[in-house]
S.K.: 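Structure incoming, see below.
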Amino acid sequence: MNRRAAARAMLQPHRRYNPLVDDWLLVSPERTSRPWLGRQEAAPPEDLPTYEPYCYLCPGNVRANGETNPMYESTFVFTNDFAALRPDSPHLSIDNGLLRAESERGECLVICFSPRHDLSIARMSAAQARPVVDLWADQSAALGERFRWVQVFENRGVAMGASNPHPHGQIWAGDAVPREGEKEDASQKRYYEANGRPLLLDYAAQESGGPREVDGDDDWLAVVPFWAAWPFETLLIPRRPVARVPDLDQAQRDSLAERLTTLLRGYDALFSLPFPYSMGWHQAPFDGGDKPYWQLHAHFYPPLLQATVRKFMVGYELLSEPQRDVTAEDAADRLRAAIRSASPKAAVPSD
Ligand code: H2U
Ligand code: ZN
């Protein structure tokens with residue numbers, strides 16, 4: 001179909017394909033004008049102190065299990081005191097017709113990005129964010145020695161269930177590859193076998209300089225994916241083959257710190273508030289051997305549609321398939337403008 005007609009038809013309800021997980025979603029661009037009398041998101045508190053006596057993540061404070069945090073000066077890692085996965089869970093195997101269950105062994109870490117209670121990655125300089133990249137890499141490598149799946153993630157903001165504004169993330173590692181990882185693994189493998197190139201490298205090449213690119217440099221591309229389900233969802237992809245976070249070289253880690261702070265500052269600028277999100281890395285399972293079809297990437301899933309209105313994945317989404325109102329292209333336009341407005345002004349030559 002010709003490009004003009006396609007562009008026109010894409011302003012009307014249509015479905016888009018997500019090749020990464022082999023799924024579809026519904027896009028209904030006209031719906032954004034509907035009246036909203038539902039839940040309004042409260043503005044998050046600003047002006048946090050650099051140290052908070054009641055914070056269980058601040059240096060020197062006592063956690064729920066009675067342990068005292070060290071006076072850490074950069075990053076800090078500890079085993080989650082309420083871990084969802086444990087290394088010592090007992091063997092379980094139920095295979096009784098439709099009733100199946102099996103044991104799952106794993107480990108959950110809490111990772112503090114900075115001793116400063118008031119910071120967030122968005123408010124850090126690239127130099128301050130750089131240790132976060134090493135933290136993700138080092139902890140992934142260590143957990144990857146013992147577990148197949150290493151899920152690095154961050155919940156930011158009350159709207160996404162973060163329990164504390166202190167800058168922190170989590171890592172859950174386990175023996176099983178969960179369904180999202182399994183779907184991405186299968187799709188990437190299938191694509192590589194058919195085309196001889198990694199799916200996400202082809203995708204990055206196709207999106208480069210296009211209407212959905214929001215930020216990037218020689219090493220990284222940030223894009224609102226064509227198949228984005230959340231309003232301002234983005235995908236951050238290294239432009240060269242990389243399977244796992246620890247495989248990133250020093251230069252890619254430096255540029256990642258730049259891209260992360262730039263993207264997250266842009267998100268904060270979008271509605272002039274600390275933007276809530278869940279983000280996380282998808283890296284190849286650590287079950288030995290090269291996986292040339294696997295391309296490392298980070299997903300950012302922010303829930304907000306407007307400053308005080310969040311997108312709920314409810315009725316149709318739960319029962320049929322994800323649905324979005326604003327198109328990925330419109331979202332990318334707005335996010336790109338926000339990123340531009342939030343980036344430090346280019347230095348004015350003095351002569
Ligand atoms: P979230 O903000 O994404 O919920 O992460 C904080 C984690 O910190 C959460 O999983 C853990 C919670 O179990 N936690 C501790 O391990 N120790 C504490 O003293 C309080 C919270
Ligand atoms: Zn704190």
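Counting convention: from 1, in listed order, for ligands and their atoms alike.
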S.K.: Considering just N/O/S atoms, say which atom of H166 is closest to the Zn ion (ligand 2).
M.R.: ND1
S.K.: Name of the H117 N, O or S atom nearest the Zn ion (ligand 2)?
M.R.: ND1
S.K.: Which residue holds the protein heavy atom closest to atom 5 (O) of ligand 1, what is that atom called, and what is the gap in Å?
M.R.: Q170 NE2, 3.0 Å
S.K.: Under 30°, 30 to 60°, or over 60°: which ring-plane class applies to H282 and H297, parallel, tilted or perpendicular?
M.R.: perpendicular
S.K.: Hydrogens and angles aside, do Y51 and N61 bring a side-chain donor and acceptor to less than 3.5 Å of each other?
M.R.: yes
S.K.: Go through ligand 1 atom by atom and flag the ones less than 4.0 Å from a non-hydrogen atom of F78.
M.R.: 15 (C), 16 (O)
S.K.: For atom 11 (C) of ligand 1, grab the closest protein heavy atom and report residue, atom and distance to one decimal in Å.
M.R.: N80 OD1, 3.4 Å
S.K.: Do you see a donor-acceptor pair shorter than 3.5 Å between the side chains of D325 and Q323?
M.R.: yes
S.K.: Give me the ring orientation class for W136 and F113: parallel if the planes are under 30° apart, tilted from 30 to 60°, perpendicular past 60°.
M.R.: perpendicular
S.K.: Check ligand 1 against R63 and write out every atom of the ligand that is under 4.0 Å from a heavy-atom position of the residue.
M.R.: 19 (O)
S.K.: Could you check atom 8 (O) of ligand 1 against the protein and tell me its nearest heavy-atom contact, residue, atom and distance included?
M.R.: V110 CG2, 3.6 Å
S.K.: Within a distance under 4.0 Å of any heavy atom of H168, pick out the atoms of ligand 1 and give their elements.
M.R.: 1 (P), 2 (O), 3 (O), 5 (O), 6 (C)
S.K.: Can you label the angle between the F271 ring and the F232 ring as parallel, tilted or perpendicular, going by 30° and 60°?
M.R.: perpendicular
S.K.: For atom 17 (N) of ligand 1, which protein heavy atom lies nearest, and how many Å away is it?
M.R.: D81 OD2, 2.7 Å
S.K.: Please check if atom CD in E102 has more than 12 non-hydrogen atoms from other residues, nucleotides or ligands closer than 6.0 Å.
M.R.: no
S.K.: Pull out every atom of ligand 1 sitting under 4.0 Å from any heavy atom of A64, numbered as shown with elements.
M.R.: 18 (C), 19 (O)
S.K.: Would you mind checking which non-hydrogen protein atom is closest to atom 4 (O) of ligand 1, with the distance to 0.1 Å?
M.R.: S163 OG, 3.4 Å
S.K.: How about Y203 and E207: does a side-chain donor come under 3.5 Å of a side-chain acceptor?
M.R.: yes
S.K.: Quick check on the 6.0 Å ring-centre criterion: do Y277 and F275 meet it?
M.R.: no
